[in-house]
Amino acid sequence: MLDVVPVMPVVVIDDATRAVPLARALVAGGLPAIELTLRTPAALDAIRAIAAEVPEILVGAGTVVRPEQAKLAQEAGARFLVSPGATPALLDAMAGTGLPFLPGTSTVSEVLAVLEAGFTEMKFFPAEAAGGAAYLKAIASPVPDARFCPTGGITAATAAAYLALPNVGCVGGSWLAPADVVEAADWGRIEGLAGEAAGLRG
Ligand code: 3PG
């Protein structure tokens, strides 16, 4: 799950009709994955549209905060799930779908709890506010089994410092699909941002 793209575009979408051209622009830029956050009423429809019309992109659901959302997202076509935190019920629900998923963590104890539950890949959130790349670097030695997708406050300028760490597989961020650019349907701009991010690793 962490090795699909170096940068996971995290999208808050208000208008589901923008989803398909947005997904196509990301693919054209070299980023064949998209995380639609379940923060807006349009999110599940957006997942449904992308799953139906842009099969070449790996579409997932983010901001899964209630156990029942895991199944709803899967039914809409999500092929992976991401949560900002992890409770035992949320872990059970996400694991129960059989989909790959990234449970959110931000402390060492939370990381250990997710490892104890049997999962080694997780989100680190909110990355910048919770200690940033320095924090992940500091826990790589004591907790070597955990691998992360840090997300939250990361930008094009700070992504590379995370990607250089051995315990980071990818980073996530919303800078790839700024609301005003999506609103303006400037798909060329999205493709350009995706192209820059795609080149951040190898
Ligand atoms: C997320 O849900 O992963 C974050 O809200 C994305 O964080 P960003 O908007 O600061 O990139």
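Since the structure is predicted, the reported quantities are computational estimates derived from the model, not experimental observations. Computed from heavy atoms alone, side chains included, the values below leave out hydrogens, waters and symmetry copies. Counting starts at 1 for both ligands and their atoms, in listed order.
Note: an N/O pair closer than 3.5 Å links S174 and ligand 1 by distance alone.
Taking every heavy atom of both residues into account, A146 and M122 meet most closely at CB-CE, 3.8 Å.
Rounding to the nearest 0.5 Å places CZ of R48 at 11.5 Å from CG of L36.
Residues F125 and S106 have side chains not in contact (no heavy-atom distance under 4.5 Å, counting atoms from C-beta outward).
Here R189 does not pair with D180 in a salt bridge; the nearest charged N to carboxylate O distance is not below 4.0 Å.
Under a 4.0 angstrom heavy-atom cut-off, K123 registers as being in contact with ligand 1.
For an aromatic pair to be called close, the ring centres must be under 6.0 Å apart, and F148 with Y162 fails this.
Atom 6 (C) of ligand 1 has as its closest protein heavy atom T151 CG2, 3.4 Å. Considering only non-hydrogen protein atoms, atom 10 (O) of ligand 1 sits nearest to G153 N, 2.7 Å.
Using modelled atom types, one finds a donor on one side chain and an acceptor on the other under 3.5 Å when comparing R39 with T63.
Each of the following atoms of ligand 1 lies closer than 4.0 Å to a heavy atom of G173: 11 (O). Every atom of ligand 1 is numbered from 1 in the order shown, and the set under 4.0 Å from a heavy atom of R39 is 1 (C), 2 (O), 4 (C), 5 (O). Shown in contact with F125 at under 4.0 Å from a heavy atom are these atoms of ligand 1, numbered in order with element: 1 (C), 4 (C). In summary, the atoms of ligand 1 found under 4.0 Å from a heavy atom of G152, numbered by their order in the structure, are 7 (O), 10 (O).
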